[in-house]
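Structure, as structure tokens:
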Protein chains: 2
Amino acid sequence: MATARRPGAYVCGIDAAMDVIGGKWKVLILWALNEKTCRFGELRRLLPGVTEKVLASHLREMEADGLVHRRVYDEVPPHVEYSLTALGISLNEALAPLGAWGREHVLGPQDTHHAVR
Amino acid sequence: MATARRPGAYVCGIDAAMDVIGGKWKVLILWALNEKTCRFGELRRLLPGVTEKVLASHLREMEADGLVHRRVYDEVPPHVEYSLTALGISLNEALAPLGAWGREHVLGPQDTHHAVR
DNA sequence: CGGTATCCAAGCTGATACTG
DNA sequence: CAGTATCAGCTTGGATACCG
């Protein structure tokens, strides 16, 4: 179960979920990790514009929420891999219809032919 | 089609949709109007804690995004009714799985018995 | 009733520099 | 490589007062 950051403050399931994915880059992290397990530097390259600090804090929160798994290899140089948990995967699936809506109604029909994303 | 506030800045449909529902109270407004057409004061009462200024600005944005219809009756005292457009209804439907996810995984099992919301 | 106008506080985000 | 520390800025949201 994901962490409720404002326990008891939610009116319905949607705003509870919104709290979990509220960070500016979180849905993009979710999408990137859904494709493949990534290292920290990989994620940074996949999300153009994100800073290390923000990426790290988002990953910490998502880890605390049980969406992301952080695996540390005891190597030099350091090696850390991030992947989705089962909960993260289920969240991604729940987001799919919203993604389809956004592609169709915000991005517009001209973008739907490369709608792989 | 909804208004893209950051044209060309979206990586995928999900963050485009996130931009449209990003306001703190927007999903709750969407949910309230999905139940029934509401007047301004009604909405304020349905969303405990929202201020007039924020409610008004959110409604303006959602109107600009084509999610909400604003109907003004030429009466004294003033009478304004807000309702969802077809686009707003479709967005609500796209949000349903996310709401179910939030109820199940954030609010927790103990809340699912009054899962009407 | 249904808003605006003004001011203000908090928090999120970003830039930069540094470290184990 | 994978972060942390510090500082600065800006956007969001909130408090309050007032208006047609």
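What's counted below: heavy atoms across the whole structure, side chains too, no hydrogens, waters or symmetry copies. In the text below, chain A, chain B and the rest are named by the order of the sequence lines, each starting its count at 1.
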Query - Letter per nucleotide, 5' to 3', of nucleotides 5-16 of chain C [B base touched, S only sugar-phosphate touched, - untouched; heavy atoms, 4.0 Å] - result: -BB-----BBB-

**Report entry** CA sep, side-chain torsions, deciding dist, call: B:Leu30, B:Met62, side-chain contact (heavy atoms from CB on, under 4.5 Å)
**Finding:** CA-CA 9 Å; B:Leu30 221 47; B:Met62 294 172 76; 3.6 Å; yes

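Residue B:Arg70 contributes atom CZ, which lies 16 Å from atom P of C:dC1 at whole-angstrom precision. Atom C1' of nucleotide D:dG13 and atom CD of B:Glu61 are separated by 12 Å, given to the nearest angstrom. Taking atom CG of residue B:Leu55 and atom P of nucleotide C:dT4, one finds them 11 Å apart after rounding to whole Å. Following rounding to the nearest Å, A:Asp74 (CG) and D:dC1 (P) show an atom-to-atom distance of 18 Å. Taking atom CD of A:Glu63 as the reference point, atom P of D:dA2 lies 15 Å away to the nearest angstrom.
Sorted by first then second residue, the salt bridge (charged side-chain N to carboxylate O under 4.0 Å, His left out) pairs that include residues 36-50 of chain B, not counting sequence neighbours, are B:Lys36-B:Glu42, B:Arg44-B:Glu52. The stretch residues 20-30 of chain A participates, sequence neighbours left out, in these side chain to side chain donor-acceptor pair (under 3.5 Å) pairs: A:Lys26-A:Glu61.
Under the side chain to side chain contact (heavy atoms under 4.5 Å, CB included) criterion, B:Ser57 pairs with no residue at all, not counting sequence neighbours. With sequence neighbours excluded, the residues satisfying side-chain hydrogen bond (donor to acceptor under 3.5 Å, both in side chains) with A:Ser90 are B:Trp101. Legend: residues meeting side-chain hydrogen bond (donor to acceptor under 3.5 Å, both in side chains) with A:Arg60, ordered by chain and number and at least two apart, are absent. Remark: B:Leu46 pairs with B:Ala32, B:Cys38 by the side chain to side chain contact (heavy atoms under 4.5 Å, CB included) rule, at least two apart or across chains. Every side chain to side chain contact (heavy atoms under 4.5 Å, CB included) that B:Asp15 has, sequence neighbours left out, goes to A:Val27, A:Leu28, B:Arg6, B:Tyr10, B:Val11, B:Cys12. Under the side chain to side chain contact (heavy atoms under 4.5 Å, CB included) criterion, B:Val76 pairs with no residue, sequence neighbours left out. Listed by chain and number, the residues in a side-chain hydrogen bond (donor to acceptor under 3.5 Å, both in side chains) with B:Glu93 amount to none (sequence neighbours excluded).
With C:dT4, C:dG2, D:dG3 as the candidates, the nucleotide lying closest to the side chain of A:Ala56 is D:dG3.
At a threshold of 4.0 angstrom between heavy atoms, the contacts of B:Tyr82 are confined to the sugar-phosphate backbone, with no base atom among them.
When all heavy atoms of A:Leu107 and B:Ala16 are compared, the pair lying nearest together is CD2-CB, 4.0 Å.
Of the residues in residues 37-47 of chain A, those lying under 4.0 Å from DNA chain D by heavy-atom distance are A:Arg39, A:Phe40, A:Gly41.
Summary for the helix from C:dC1-D:dG20 to C:dG20-D:dC1: the axes at its two ends, each from 5 pairs, differ by 50° when rounded to the nearest 10 degrees.
For the OP1/OP2 pair of D:dG3 and a distance below 4.0 Å, the side-chain nitrogens and oxygens of A:Arg60 include at least one atom meeting the criterion. The shortest distance between the side-chain N/O atoms of A:Arg71 and the OP1/OP2 oxygens of D:dA2 is not below 4.0 Å.
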